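This structure is a prediction, so every number in the text was calculated from the model and none was measured. Throughout, a chain's letter reflects where its sequence line sits, starting with A, and its residues are numbered from 1. Basis for what follows: all heavy atoms, side chains included, without hydrogens, waters or symmetry-related copies.
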There are 2 protein chains.
Amino acid sequence: MSSEIRLTPTSYIVLGLIEGGGEATPYDLKQAVAASLGDFWSLQHAQLYTEPERLAGAGYLKERREEGGRRRRHYAITAKGREALRDWLAEPTEELTELRDLALLKVFFGADAKAMAAAQLPAHERQLAAYEELRRDFGKVMPKGPGITLEAGIAAERIWIEFWSKQSG
Amino acid sequence: MSSEIRLTPTSYIVLGLIEGGGEATPYDLKQAVAASLGDFWSLQHAQLYTEPERLAGAGYLKERREEGGRRRRHYAITAKGREALRDWLAEPTEELTELRDLALLKVFFGADAKAMAAAQLPAHERQLAAYEELRRDFGKVMPKGPGITLEAGIAAERIWIEFWSKQSG
DNA sequence: CCTATCATGTAATCCGTTACATGATTAT
DNA sequence: ATAATCATGTAACGGATTACATGATAGG
């Protein structure tokens, strides 16, 4: 039983959200993702059904299924899950972000940088505005981790705006 | 025949490299990736065997197999491939980079930002140094697209260094 | 000559995406 | 009531990673 599985970033996202918020259904997770890390690390909703199942199968979560009505699945973290999450969090990583940016890739292969900038600039400006609004509205009450991440997102968006501005000039 | 396939970024990387460099073997592609876009968009070498095959099956490349010896596969781009690449390059994208950064994800869930900074800073500094060396050595002879991409990489690394420096203070 | 490394390739697995589908709830 | 939207789930497919494996070449 409890076939061993590899834990991916998706796994830790699920573990982290459940550890933080307590028992959750896939839909709860979907909401949580949308409300928190969704802009910088997106997930398909189907993953939030299959991943908890996988984790439960391997003993990192335990599943409770509603008796009547919708028979929704509720997942809670186990000791094993908590431990895995803790270990992962304690391990600093040297891994760097890769710049997997479609627009950049196109420019690399010769796409017109000015045209690309025209499409990218407004998109990045919208994203920056969204982040800044988040900070204005919730900055004070935001937990530390998400707050730091938000600052990173803002810094990154500023760079992209500066970069694409240069290309469009 | 020529079953229709979906073209992914990987597909366009292969098409782009072959269009730029002429006929190539998977190993040539591997070398080309390592020498050019490898730091900002990495690929498994196995993909450079399966992806050209996929593309050839759908008519975007044509395969020529050596008769004797190693029977290596050589791929050349077809008119269909050229057209697909051209169309893709001509289409600006609004899609934003996602910040899929493991270190940030860990911080989001509460990892110690200072410890993470200690691991990330040197890694980013190495990467920045590598980019700057590239620019110093090849900046003058680099094609436009890669040159622009390199500037983006440098700008991004600077931001990350600044960001993680703040966290370690 | 032997060994290490480079070069080349295949197979299996699995995660992630896409597509499909239906049950509840709210609004009109 | 009906339509629309929200909520919940499953199935199938495919691309990407991992692991395995062997052929050439160069260095000692």
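- As rounded to whole Å, 11 Å separates atom C1' of dT5(C) from atom NZ of K30(B).
- Residues that satisfy the salt bridge (charged side-chain N to carboxylate O under 4.0 Å, His left out) test with E98(A), not counting sequence neighbours, are R100(A).
- Scored by the ring pair (Phe, Tyr, Trp, His ring centres under 6.0 Å) test, Y131(A) finds no partners at all (sequence neighbours excluded).
- For the pair Y49(A) OH and dA21(C) P, the interatomic distance rounds to 17 Å; values are reported in whole Å.
- Atom pair E63(A):CD and dT8(D):P shows a separation of 14 Å (rounding to whole Å applied).
- Atom CD in E53(B) sits roughly 15 Å away from atom P in dG14(D) (whole-Å rounding).
- In this structure, CG of L43(A) is placed 8 Å from P of dT17(C), rounded to the nearest angstrom.
- E95(A) CD: 12 or fewer foreign heavy atoms inside a 6.0 Å radius.
- Taking atom NE2 of H45(B) as the reference point, atom P of dC20(D) lies 14 Å away to the nearest angstrom.
- With sequence neighbours excluded, no residue forms a salt bridge (charged side-chain N to carboxylate O under 4.0 Å, His left out) with R86(B).
- Residue R73(B) contributes atom CZ, which lies 6 Å from atom P of dG9(C) at whole-angstrom precision.
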Check nucleotides 14-16 of chain C for protein N or O atoms closer than 3.5 Å to its own N or O atoms and list the pairs.
residue: dC15(C); atom: OP1; partner: R54(A); partner atom: NH1; Å: 2.6
residue: dC15(C); atom: OP2; partner: R54(A); partner atom: NH1; Å: 3.2
residue: dG16(C); atom: OP1; partner: T10(A); partner atom: OG1; Å: 3.3
residue: dG16(C); atom: OP2; partner: T10(A); partner atom: OG1; Å: 3.4
residue: dG16(C); atom: OP2; partner: Q47(A); partner atom: NE2; Å: 3.0
residue: dG16(C); atom: O5'; partner: Q47(A); partner atom: NE2; Å: 3.4

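- Partners of Y60(A) according to the ring pair (Phe, Tyr, Trp, His ring centres under 6.0 Å) rule, which considers only residues two or more places apart in sequence or in another chain, do not exist here.
- Atom CZ in R72(B) sits about 15 Å away from atom C1' in dT22(D), given to the nearest Å.
- Along DNA chain C, the nucleotide closest to R100(B) and the one closest to D28(B) are compared, and the more 5′ of them pairs with D28(B).
- F163(B) meets the ring pair (Phe, Tyr, Trp, His ring centres under 6.0 Å) test with W160(B); sequence neighbours excluded.
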